[in-house]
Trainee: 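Have a look at this one.
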Amino acid sequence: MKNKRVLVVGSGGRCHAIVDALSRSPQVEKIYCAPGNAGIAAQAECVAIGVTDVEALVAFAKEHQIDMTVVGPEAALAVGIVNRFEECGLKAFGPTKEAAQIESSKEFAKRLMAKYGIPTAGYEAFDSYEAAWEYVKGRPLPAVIKYDGLAAGKGVVVAESYDQANEALRDMLLDESFGKGRVVVEDFLDGPEFSFMCVVSGQRVYPLAMAQDHKRAYDGDKGPNTGGMGAYSPVPFVTEEVERVALEEIMKPTAAALVAEGVPFCGVLYGGLILTTDGPKVIEFNARFGDPETEVVLPRLESDIYELFDAAIEGREHQTKWSDKAYLGVVMASKGYPGSYAKGAVIGVLDKVESHIYHMGTGRNAEGKLVTAGGRVLMVVGSGATLAEAHAKAMADVARVECTELFCRSDIGHKVLD
């Protein structure tokens, strides 16, 4: 029965993909999005409430008789939005503040994995620059240096020289670029990376389709790390056996560990994994849908996403159904990203684009024209019987986007396409 009212909290491409998937649900009648963006506005009613304005969001959910709130961004989870909604008797899909520590504190995640034997890299944690630098100087390179808290996907440096390591430690601990905090120094793991997102409900784990993200800004995996410049799904090098091991030895034990620690997880547990010669290991966990992976995974979902979220909240069994089609998405970002960039560049009419477009950072100017409003602006998602076909469609449509202030990578999926 199509009578459910849903509130999606967030504004980027991930939230556009969630809204898009909810719009296909046979149960969902009305979608609101807070604060949303110019693209989301075509499928949901956008509401001018910030993602961390928890009391305003609670009041909105009560007033509009919202059946379920779906939380997109980590910032909202970290301030305890789900805790507050549950206190008020409101249904929310996402982990509590305590369970979301698996993302908001790298050290919490590493301690959990060490205690429960979940495969990951060795590490040490520091809040003193001097102690961290002494440790790094005495160990082999490369060293992976991570800011302990939330850093919008940018608080990780793979230091291949001691100068680079020193600069990263100074940036995080002395200059406090991401705020006052600690760092985790990890051993470097080698192998192809992939993203394994699972909907989790206590000890129940519902696996989603695999994806691979591309973090570096430029072709050939060069340039600075970004929030992600593109993604694709499925991932050919992740065999059924690798997926089985990742599910049975990483994702399920992590869900069980969080229950054992008294912080049961309900929501999307994102495993950023790497396929080493010893099998899959954890690089990082996130406590929500990945971005840009969500934009290539959710289009493959053929079953009802509202039913999946509801099953997780209520703790019941659910079977997901997936399309065999391949999806490949290319992020179009503002020139200068991930550094400083201008906003407000006009984007031409997008009606010539045949692929799906998810809006990541768009707005409207005084004349009502679509404009850039963020670092990552649009994601063009091509689909086809193969990844090569999906890539060709996405790139053909990237060329149809009229905006001189955007750039993108042309080689998303290159390692599997080559």
Side-chain angles (χ1 to χ4, degrees), residues 14 17-18 21 68 70-72 74 77 82 86 91-96 98-104 108-110 112-120 193-213 233-235 238-275 279-290 293-294 296-298 300-323:
R14 158 182 54 210
I18 293 167
M68 180 192 295
V70 180
V71 185
E74 57 272 32
L77 297 168
V82 173
E86 287 178 351
K91 191 177 277 193
F93 178 75
T96 61
E98 294 74 24
Q101 285 181 95
I102 198 153
E103 174 171 14
S104 62
F108 172 89
K110 296 300 281 191
L112 186 85
M113 287 185 272
K115 181 174 176 179
Y116 291 92
I118 295 156
T120 188
E193 296 179 24
F194 61 101
S195 306
F196 190 13
M197 297 185 285
C198 294
V199 169
V200 170
S201 173
Q203 298 214 35
R204 291 183 197 274
V205 177
Y206 318 83
L208 305 186
M210 297 283 180
Q212 189 183 48
D213 178 20
S233 177
V235 184
V238 178
T239 61
E240 282 185 16
E241 175 60 11
V242 169
E243 184 170 351
R244 186 196 66 76
V245 171
L247 182 63
E248 299 297 334
E249 297 182 15
I250 294 175
M251 304 306 286
K252 285 183 178 178
T254 301
L258 288 163
V259 171
E261 291 294 302
V263 287
F265 193 101
C266 177
V268 175
L269 182 63
Y270 167 113
L273 309 183
I274 186 164
L275 185 55
K281 294 187 178 185
V282 178
I283 298 174
E284 65 173 354
F285 282 118
N286 292 332
R288 37 76 194 178
F289 278 111
E293 296 96 330
T294 304
V296 294
V297 168
L298 291 189
R300 293 187 61 203
L301 182 65
E302 293 183 335
S303 45
D304 180 0
I305 196 168
Y306 184 91
E307 187 62 30
L308 171 60
F309 292 164
D310 196 59
I313 295 167
E314 300 292 341
R316 63 176 185 269
E317 283 299 323
H318 179 75
Q319 285 296 319
T320 54
K321 189 174 175 219
W322 299 91
S323 162

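Residue numbers run from 1 in the order of the sequence given.
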Trainee: Side-chain contact test, heavy atoms from C-beta onward, threshold under 4.5 Å: evaluate it for L77 versus P95 and give yes or no.
Mentor: yes
Trainee: Answer whether the closest heavy-atom distance between the side chains of F194 and V242 falls below 4.5 Å.
Mentor: yes
Trainee: May I ask you to decide whether R204 forms a salt bridge with E314, counting only side-chain N to carboxylate O separations under 4.0 Å?
Mentor: no
Trainee: For residues L275 and V235, determine if any side-chain heavy atom of one lies less than 4.5 Å from a side-chain heavy atom of the other.
Mentor: no
Trainee: Do you know the tightest heavy-atom contact between P280 and P119?
Mentor: O-CG, 3.8 Å
Trainee: Quick one: pull up CZ in R316 and CG in D310 and give me the separation to the nearest 0.5 Å.
Mentor: 4.5 Å
Trainee: Show the atom names and distances, to 0.1 Å, of all donor-acceptor pairs under 3.5 Å that link a side chain in residues 258-273 to residues at least two apart or in another chain.
Mentor:
from : atom 1 : to   : atom 2 : distance (Å)
E261 : OE2    : K115 : NZ     : 2.8
E261 : OE2    : Y116 : OH     : 2.5
Y270 : OH     : S195 : OG     : 3.1
Y270 : OH     : E293 : OE2    : 2.6

Trainee: CE/M113 to CD1/I102 distance, rounded to the nearest 0.5 angstrom?
Mentor: 6.5 Å
Trainee: Could you give the side-chain donor-acceptor pairs of residues 245-254 under 3.5 Å, partners two or more places apart or in another chain?
Mentor:
from : atom 1 : to   : atom 2 : distance (Å)
E248 : OE2    : K252 : NZ     : 3.0
T254 : OG1    : I250 : O      : 2.6

Trainee: Taking only residues two or more places apart in sequence or in another chain, which ones pass side chain to side chain contact (heavy atoms under 4.5 Å, CB included) with E103?
Mentor: E74, L150, N286, A287, R288
Trainee: Mind checking whether F289 and L298 have side chains closer than 4.5 Å, heavy atoms only?
Mentor: yes
Trainee: In Å and rounded to the nearest 0.5 Å, what is the CD1 to CD1 distance from I18 to I305?
Mentor: 7.0 Å
Trainee: Does V238 reach the side chain of Q212, with side-chain heavy atoms less than 4.5 Å apart?
Mentor: no
Trainee: Side chains of E86 and T96, heavy atoms from C-beta outward: is any pair under 4.5 Å?
Mentor: yes
Trainee: What distance do E317 atom CD and Q319 atom CD have between them, rounded to the nearest 0.5 Å?
Mentor: 7.0 Å
Trainee: Given side chains that start at C-beta, do those of Y306 and V70 come closer than 4.5 Å, heavy atoms only?
Mentor: no
Trainee: Measuring from K91:NZ to I313:CD1, what's the distance to the nearest 0.5 Å?
Mentor: 5.5 Å
Trainee: Rounded to the nearest 0.5 Å, what separates atom OG in S303 from atom NE2 in H318?
Mentor: 4.5 Å
Trainee: Do F93 and V71 have side chains that get closer than 4.5 Å, going by heavy atoms?
Mentor: no
Trainee: Taking all non-hydrogen atoms of both residues, which atom of S233 and which atom of M210 are closest, and how far apart?
Mentor: OG-O, 2.5 Å
Trainee: Identify the two heavy atoms, one from T320 and one from P207, that lie closest to each other, and give their separation to 0.1 Å.
Mentor: OG1-O, 3.9 Å
Trainee: Would you name the heavy atoms of V297 and A209 that are closest together and state the gap between them?
Mentor: CG2-O, 3.6 Å
